[in-house]
Amino acid sequence: MATLTIDGIEVTVEAGATVLQACEQAGAEIPRFCYHERLSIAGNCRMCLVELEKAPKPIASCAMPAGDGMVVHTKTETVKKAREGVMEFLLINHPLDCPICDQGGECDLQDQAVGYGRGLSRYDEGKRAVKDKNMGPLISTTMTRCIHCMRCVRFATEVAGADELGALGRGEGSEVTTYLEGSLNSEMSGNVIDLCPVGALTSKPYAFTARSWELKKTETIDVMDAVGSNIRVDSRGNQIMRILPRLNEGINEEWISDKTRFHYDGLLKNRLDTAFVKSSGKNAKLKPASWQDAFKAIKKAAKGVKADAYGALIGDLADVEAMFALKTLLGQLGSKSIECRLDGSTGQTSARSSYIFNTSIGGIEHADACLLVGCNPREEATLINSRLRKRVRVGGFAIANVGPKADLGYPVEELGNDFNHLAQVTVGTHKFAKALKAAKNPMVIIGQGALKGKNGAGVMASCLELAEKYGMVSEDWNGLNVLQHAASRVGALDMGLMAGGVDKVLGDKTEIVFLLGADDVDADKLKGKFVIYMGSHGDAGASLADVILPTAAYTEKQATYVNVEGRVQRTVQATFPPGEAREDWTVVRALADVFGVDVGFNNMGELRAKLYEAYPHFADEDVLDGHDTKGFATKTVMKMGKVTSIAAEFAGGYYMSNPIARSSNILAEVVANIAEQQGSKAHG
């Protein structure tokens with residue numbers, strides 16, 4: 001601990017804190033460009049100069065450790081002149097293009113020039129010009145504006161794990177660039193746009209489309225994966241213009257993945273905005289229809305259908321209210337045949353802690369050993385992978401992988417693509433068992449690739465025995481983690497939406513199938529069945545339907561989702577659904593009238609009242625429950641064969657994992673750019 005006096009105010013800070021942090025604790029505003037709380041200290045910009053008694057000249061407060069007895073002044077004439085001088089130097093080569101700069105209105109340099117600059121320039125020579133760089137389809141560069149704060153370089157190296165950005169040259173010839181002038185290859189590259197304090201790095205898809213003051217800002221959550229990243233959706237009219245991260249220390253800190261940031265154009269494209277009914281005859285085709293005609297077609301198809309002939313499949317983006325409404329409808333029809341595990345996962349669901357990330361995302365930072373089993377967190381949960389990298393960088397963290405080898409952005413001990421290595425670790429004959437035994441807070445992360453097919457039950461049982469043997473579960477620690485990658489999955493499992501697998505739901509008895517945003521379904525299994533598709537996009541599932549009922553996307557409704565940790569979160573409506581599209585639960589409620597059954601709710605309030613009565617934890621927003629492993633089976637299957645390929649989890653690749661992403665032209669460009677680069681390397 002150190003006690004300082006700052007502008008006459010005495011403050012005590014923790015050991016290792018800087019003078020800048022002490023000043024902020026005392027309420028003094030310190031301007032900065034290069035300093036960022038989550039990046040290493042660079043001391044490049046010198047904007048944070050303050051006066052320290054007994055020091056011969058102003059000091060850079062971001063780089064000076066706080067010492068006991070220091071007396072600091074932040075508002076003296078010396079400090080004022082020093083900051084004016086620094087600002088004058090920063091603006092010497094900066095172009096006067098604020099009116100056409102996309103950062104205008106959100107520019108740190110612009111704001112601080114007003115607050116701390118001299119208001120005039122004494123520089124008459126020509127300004128320096130720097131060639132723009134190609135950083136791919138997501139990041140637009142105007143490098144003449146760069147002030148060499150190096151935030152982007154430090155982020156790429158330290159957080160994203162992509163050592164592809166750096167500075168070349170010296171003095172006036174210094175330039176920030178990607179090595180070999182290639183794209184920035186990281187699933188988190190878009191965060192450099194937020195970090196850049198000037199207009200050097202901006203969003204290429206957003207460029208010249210809107211100004212910040214034109215936009216309506218809505219705080220909501222993301223559903224591109226199961227992490228539940230907190231985001232801000234900026235819209236103009238009924239069009240989403242961009243998506244930005246929102247601070248949440250427990251989940252995504254202040255970062256988001258590129259898929260989360262840039263999928264927004266897919267919310268406008270390929271949308272279902274009217275009902276469709278498949279015509280009869282040999283060349284049957286889906287044709288636009290009114291809601292009444294769609295309901296008539298459904299009522300006709302349901303005539304004489306028995307209770308056990310109904311089934312439902314749940315897609316990756318379905319919300320809790322819609323799933324609960326559909327479960328209630330099927331229950332009233334006399335069916336329990338509803339399944340959410342379209343990927344074939346066979347993991348345990350006997351206790352809630354058998355299918356969630358028990359450690360919590362923030363809890364990763366307290367772990368000291370980790371075993372990855374059949375997962376690729378870089379693709380399945382980018383922000384969880386970022387936390388793992390953060391923990392690796394601190395040190396004292398042993399991490400190994402059982403499964404397909406993957407570049408996660410940090411060193412991992414590869415044990416091999418064979419579940420028998422997991423069995424060896426479990427019984428203690430593998431060398432990595434020593435690291436788990438020595439760890440105070442060990443953890444295991446089990447991916448869906450490990451829980452699929454015939455090996456799933458054995459793998460889960462082996463991991464449960466592993467957790468028990470190495471003390472992964474105690475009163476204050478639970479290191480047994482299942483990595484879900486679908487936003488709907490945890491909420492669906494909480495409600496028990498399991499019916500023995502997709503094949504059982506689509507058995508010979510089934511005549512009518514509801515697809516709630518379910519697109520990854522084998523078309524052959526739906527032959528001879530009447531398919532009702534409820535979804536927002538004209539994706540694969542819609543093409544298989546006999547009747548399509550258009551619904552709202554996640555940005556167009558107030559809905560509940562449960563993230564990978566079991567944390568209940570809610571979306572907030574940013575825009576309205578297009579055309580005739582309606583919120584999912586309202587469509588299910590209308591279907592209840594078509595089938596002539598009573599589901600017990602007529603509005604969202606009544607629906608949520610029934611939901612909370614049946615599952616009380618859905619009422620507790622943003623709460624992490626305590627979890628245990630009681631009731632788990634611990635019998636281990638030792639010979640389990642190869643790990644299921646993780647590639648099967650995302651048939652279309654990381655950027656094409658759901659209907660919204662597949663509809664995005666921006667993400668399609670990213671995929672094409674990656675393919676082009678890989679092709680260049682192959683022929684290089």
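In this text, all values refer to a predicted model and were calculated from it rather than measured experimentally. Excluded from the calculations below are hydrogen atoms, water molecules and symmetry mates; all remaining heavy atoms, backbone and side chain alike, are included.
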- Task: Look up atom OH in Tyr561 and atom CD in Gln569, then write down how far apart they are to the nearest 0.5 Å.
- Result: 11.5 Å

- Note on the structure: Applying side chain to side chain contact (heavy atoms under 4.5 Å, CB included) to Glu254 and not counting sequence neighbours gives His36, Arg38, Leu247

- Query: Are Tyr355 and Ser345 close enough that a side-chain donor and a side-chain acceptor fall under 3.5 Å?
  - Reply: no

- Are Glu253 and Arg387 close enough that some pair of their side-chain heavy atoms sits under 4.5 Å apart? yes

- Item | Salt-bridge present (Asp194, Arg261; N to O < 4.0 Å) | yes

- Item | Heavy-atom donor-acceptor pair, Asn481 side chain to Met443 backbone, under 3.5 Å | no

- Message: Keeping Thr202 on the side-chain end and Gly199 on the backbone end, is there a donor-acceptor pair under 3.5 Å?
- Response: no

- Note on the structure: Correct closest heavy-atom pair for Ala574 and Ser235 would be O-OG, 3.8 Å

- Would you check, one step at a time, whether the test side chain to side chain contact (heavy atoms under 4.5 Å, CB included) holds for Ile660 with Leu317? CA-CA 9 Å; Ile660 299 175; Leu317 306 182; 3.8 Å; yes

- Item | Closest non-hydrogen atom pair, Asn358 against Ser353 | ND2-O, 2.8 Å

- Can you sort out the partners of Ala381 under side chain to side chain contact (heavy atoms under 4.5 Å, CB included), two or more places apart, ordered by chain and number? Val227, Ile384, Leu483

- Note on the structure: Across all chains, not counting sequence neighbours, the salt bridge (charged side-chain N to carboxylate O under 4.0 Å, His left out) partners of Arg246 are Glu219

- Message: Using a 3.5 Å distance criterion without hydrogens, assess whether the side chain of Ser257 forms a donor-acceptor pair with backbone atoms of Glu187.
- Response: no

- Any salt bridge (Lys or Arg N to Asp or Glu O under 4.0 Å) pairs touching residues 311-332, not counting sequence neighbours? Asp319-Lys557, Glu321-Arg608

- Query: Within a reach of under 6.0 Å around CZ of Phe576, are more than 12 heavy atoms found that belong to other residues, nucleotides or ligands?
  - Reply: no

- Note on the structure: d(Leu372 CG, Ile446 CD1) to nearest 0.5 Å is 11.0 Å

- Sorted by chain and number, sequence neighbours left out, salt bridge (charged side-chain N to carboxylate O under 4.0 Å, His left out) with Lys269 holds for Asp265

- Would you check if Phe208 and Ser140 make a side-chain contact, meaning some heavy-atom pair closer than 4.5 Å? no

- Task: Test the Lys610-Phe324 pair against the cation-pi criterion, namely NZ or CZ under 6.0 angstrom from the six-membered ring centroid and within 45° of the ring axis.
- Result: no

- Message: Treating Thr510 as the side-chain partner and Tyr310 as the backbone partner, does any N or O pair qualify as donor plus acceptor under 3.5 Å?
- Response: no

- Side-chain (Thr571) to main-chain (Ala559) donor-acceptor, under 3.5 angstrom: yes

- Aromatic ring pairing His617/Tyr615, orientation class (parallel under 30°, perpendicular over 60°, tilted between): perpendicular

- Check: Leu408 and Asn376 side chains under 4.5 Å, non-hydrogen atoms: yes

- Message: Using the rule given for salt bridge (charged side-chain N to carboxylate O under 4.0 Å, His left out), can you reason through Asp102 versus Arg242, listing the C-alpha separation, both sets of side-chain angles and the distance that settles it, and then say yes or no?
- Response: CA-CA 13 Å; Asp102 258 12; Arg242 64 178 180 180; over 6 Å; no

- Partner set under side chain to side chain contact (heavy atoms under 4.5 Å, CB included) for Pro578, not counting sequence neighbours: Arg271, Asp273, Glu556, Ala581

- Minimum side-chain heavy-atom gap Asp258-Tyr655 below 4.5 Å: yes

- Item | Where Pro137 and Glu669 come nearest, the two heavy atoms and their spacing | CB-OE1, 3.8 Å

- Message: Show the nearest heavy-atom pair for residues Ile256 and Leu244, with the distance to one decimal.
- Response: CD1-C, 3.9 Å

- 4.5 Å side-chain heavy-atom contact, Met498 and Glu339: yes

- Query: Quick one: side chain to side chain donor-acceptor pair (under 3.5 Å) partners of Asn252, sequence neighbours excluded?
  - Reply: none

- Are any of the side-chain heavy atoms of Ile314 and Leu326 separated by less than 4.5 Å? yes

- Message: I'd like to check the side chain to side chain contact (heavy atoms under 4.5 Å, CB included) partners of Ala226; sequence neighbours left out, ordered by chain and number.
- Response: Gln484, Val564

- Message: Does Glu621, at its CD atom, have more than 12 non-hydrogen atoms belonging to other residues, nucleotides or ligands within less than 6.0 Å?
- Response: yes

- Item | Student check: side-chain heavy atoms of Leu624 and Phe357 closer than 4.5 Å | no

- Query: Rounded to the nearest 0.5 Å, how far does CG of Leu383 lie from CD1 of Ile361?
  - Reply: 7.0 Å

- Task: Name all residues meeting the side chain to side chain donor-acceptor pair (under 3.5 Å) criterion together with Asp108; count only those two or more places apart in sequence or in a different chain, and write none if there are none.
- Result: none

- Task: Take the angle between the ring planes of Tyr264 and Phe262 and call it parallel below 30°, perpendicular above 60°, tilted in between.
- Result: tilted

- Separation between CG of Asn673 and CG of Leu667, rounded to the nearest 0.5 Å: 12.5 Å

- Query: Looking only at heavy atoms, what is the nearest atom pair of Ala294 and Ala275, with distance?
  - Reply: CB-CB, 4.0 Å

- Message: Run the side chain to side chain donor-acceptor pair (under 3.5 Å) test against Asp622 and tell me which residues pass, sequence neighbours left out.
- Response: Arg567

- Residue pairs, two or more places apart or on separate chains, that pass side-chain hydrogen bond (donor to acceptor under 3.5 Å, both in side chains) and touch residues 533-545: Asp519-Tyr533, Asp539-Arg662

- Message: Going by the rule side chain to side chain donor-acceptor pair (under 3.5 Å), which residues pair with His263 if we only count those two or more places apart in sequence or in a different chain?
- Response: Tyr554

- Query: Going from CZ on Arg378 to CE on Met188, what distance comes out if it is rounded to the nearest 0.5 angstrom?
  - Reply: 10.5 Å

- Item | Value rounded to 0.5 Å, distance of CZ in Arg582 from CG in Asp584 | 12.5 Å

- Query: Minimum heavy-atom separation for Val159 to Ser386, with atom names?
  - Reply: CG1-OG, 3.8 Å

- Kindly indicate whether the side chain of Val192, heavy atoms from C-beta on, has any atom under 4.5 Å from the side chain of Met135. no

- Message: Looking at Arg589 and Asn603, would you say the former's side chain and the latter's main chain have a donor-acceptor pair under 3.5 Å?
- Response: no

- Query: Between Glu606 and Asn602, is there a donor-acceptor pair closer than 3.5 Å when you use the side chain of the first and the backbone of the second?
  - Reply: yes

- Sidechain-backbone polar pair: Asn270 side chain, Gly538 backbone, donor-acceptor under 3.5 Å: yes

- Task: In plain terms, say whether Lys217 and Glu106 are close enough for a salt bridge, that is, a side-chain N and a carboxylate O under 4.0 Å apart.
- Result: no

- Query: Can any side-chain N or O of Lys216 pair as donor or acceptor with the backbone N or O of Thr575 at less than 3.5 Å?
  - Reply: no

- Message: Quick check against the 3.5 Å criterion: does Gln558 have a side-chain atom that pairs as donor or acceptor with the backbone of Gln573?
- Response: no

- Message: Tell me if the NZ atom of Lys278 is crowded by more than 12 foreign heavy atoms within 6.0 Å.
- Response: yes

